[in-house]
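Every chain is numbered from 1, with letters handed out A, B, ... down the list of sequences.
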2 protein chains.
Amino acid sequence: MYEIFQKYLEEKTELTQAESERIQSFAIIKKLRKRQYLLQEGDVWKYDAFITKGCVRTYTVDEKGSEHVNSFSIENWWTGDRESLMMQQPSRFNIDAIEDTELVLFTHENFELLCKEIPAFNNMVNAILQRSFIAAQNRIQASLTLTAEEKYLNFISKYPGFASRIPQTMIASYLGMTPETLSRIRKQTAKK
Amino acid sequence: MYEIFQKYLEEKTELTQAESERIQSFAIIKKLRKRQYLLQEGDVWKYDAFITKGCVRTYTVDEKGSEHVNSFSIENWWTGDRESLMMQQPSRFNIDAIEDTELVLFTHENFELLCKEIPAFNNMVNAILQRSFIAAQNRIQASLTLTAEEKYLNFISKYPGFASRIPQTMIASYLGMTPETLSRIRKQTAKK
DNA sequence: GTAAAAACTTGATATAGATCAAGAGTGGGA
DNA sequence: TCCCACTCTTGATCTATATCAAGTTTTTAC
């Protein structure tokens, strides 16, 4: 499974053989079965995590017990709770596997060490953060300006393939609407 | 005005005299009068911009002509459109001054040069980006989970002082509700 | 200082989407 | 293979918030 991460690194950055090996030496492989937690509310998140296979969701649970999906992450993406990681504080989020999933983990100390030792790696990490921030901004913009139907259409055009692997209930939650509303929207748009 | 940015740098990072001077040598001071644009939709954003005084808003305008406020930035914060900057593409956003405002600008080439030359500066920039990302995540979470009233209360507790300098219409837009709704909420909560 | 333009408030009404409820598929585990 | 649990659909009703409209207050510009 590590090869997938290796390939990702090769695409995103230029590393010497020695640097590659240094990175690999810190990698922890982890497998999750469907429904298994990667992070549970109240725990402190301590890793940088890359998904090589599968799909994971990040969500909160409110006082009424309803779940609110914050994000989905699939293979070739990163996951985790940056706030908990940076502030060293208990997470408000849960992360669990939607499918059987495989990850490459780095403890944050090791990850920071790699960032310090390997400038190219550091640059890659910053570029990812930039893109994550831009994506978050766009999501905020969408939530402010779009109707429920537009949000759904925007979602499937931006993330084709997600709709087929992720239960509708979770997509509805991610988009900030009820499953019933999403079901009706799908019926509507199917007609057209 | 540059002293304010200088002070910010001293608080956030450790720089040698030479590094400080290098940074200052690239700084462009810019003043905006109330309502003046810093960035207009369709233009490509080319700077990294720090506010030393005043307040600025970032917003889009939809087909119907209504404005949607994406963010406010005040003194000691950064502003700009990262997506336009990174992708070198025309911006969807407008940025204009809510008050008379003063900024320190760096062209992005110079800014990147500084990041390369001065590791401490680069680290500071990355730390800011981390925090921006976390803030964006929290805003998404709030928009998914909170009612209009909760969004407002969350806003004023998170950004005390903003409510008194920013017109309510703009705050309403930022929170994703109409000015009428915000007005009623304020009346409600004033009672309690 | 005054007039015009914004910004804010308040009320009446409309509506997108939520909630509640019940039935229809669907899939994974014994 | 069957069944239980879960997901999805559909309908009826409800509600938070939007929209429309008019008046009031505050700010801006000359």
Quiz item: Starting at CD1 of B:I185 and ending at P of D:dA16, how long is that distance when rounded to a whole Å?
Solution: 12 Å

Exercise. Would you check, one step at a time, whether the test side-chain hydrogen bond (donor to acceptor under 3.5 Å, both in side chains) holds for B:D43 with B:S91?
Key: CA-CA 6 Å; B:D43 295 345; B:S91 181; over 6 Å; no

Quiz item: Are A:K187 and D:dT9 close enough that a side-chain N or O sits under 4.0 Å from OP1 or OP2?
Solution: no

Quiz item: Which nucleotide in the list C:dT10, D:dT9, D:dT17 gets nearest to the side chain of A:Q168?
Solution: D:dT9

Quiz item: When you check the gap from the basic side-chain N to the acidic O, do B:R92 and B:E83 get nearer than 4.0 Å?
Solution: yes

Quiz prompt | Basic-acidic side-chain contact under 4.0 Å: A:K31, A:D100 | solution = no

Exercise. Measure from CD1 on B:I166 to P on C:dA7 and round the result to the nearest Å.
Key: 14 Å

Quiz item: Do B:R139's NZ or CZ and the ring of B:Y174 fall within the cation-pi criteria of under 6.0 Å and 45°?
Solution: yes

Quiz item: Between A:D96 and A:R57, is the closest basic N to carboxylate O distance under 4.0 Å?
Solution: yes

Self-check item: Quiz item: cation-pi between B:R82 and A:F133, 6.0 Å / 45°
Solution: yes

Quiz prompt | Residues in contact with DNA chain C, drawn from residues 169-180 of chain A - heavy-atom cutoff 4.0 Å | solution = A:G176, A:M177, A:T178, A:E180

Quiz item: Among C:dC8, D:dT17, C:dT19, which is the nearest nucleotide to the side chain of B:P167?
Solution: C:dC8

Practice problem: Rounded to the nearest angstrom, tell me the gap between atom CZ in B:R186 and atom P in D:dT25. | Solution: 16 Å

Quiz item: Has the side chain of B:R33 got a donor or acceptor that lies under 3.5 Å from a partner of the other kind on the base of D:dT28?
Solution: no

Quiz item: In whole Å, what is the span from the OH atom of B:Y152 to the C1' atom of D:dA16?
Solution: 19 Å

Quiz item: Between C:dG27 atom P and A:D100 atom CG, what is the distance in whole Å?
Solution: 17 Å

Quiz item: Counting any heavy atom closer than 4.0 Å, what does B:K34 reach on the DNA or RNA strands: base, sugar-phosphate only, or nothing?
Solution: sugar-phosphate

Quiz prompt | Pair B:K30 + B:E102: basic N to acidic O under 4.0 Å | solution = no

Quiz item: Does any N or O donor sit under 3.5 Å from an N or O acceptor when you compare the side chain of B:R35 with the base of D:dT27?
Solution: no

Practice problem: Could you tell me the separation between the CD atom of A:E149 and the C1' atom of C:dA16, rounded to a whole number of Å? | Solution: 12 Å

Quiz item: Does a side-chain N or O from B:S183 land closer than 4.0 Å to OP1 or OP2 of C:dT9, or not?
Solution: yes

Quiz item: When the distance from CZ of A:R184 to P of C:dC20 is rounded to whole Å, what number comes out?
Solution: 14 Å

Exercise. Could you tell me the separation between the CD1 atom of B:I98 and the C1' atom of C:dA7, rounded to a whole number of Å?
Key: 14 Å

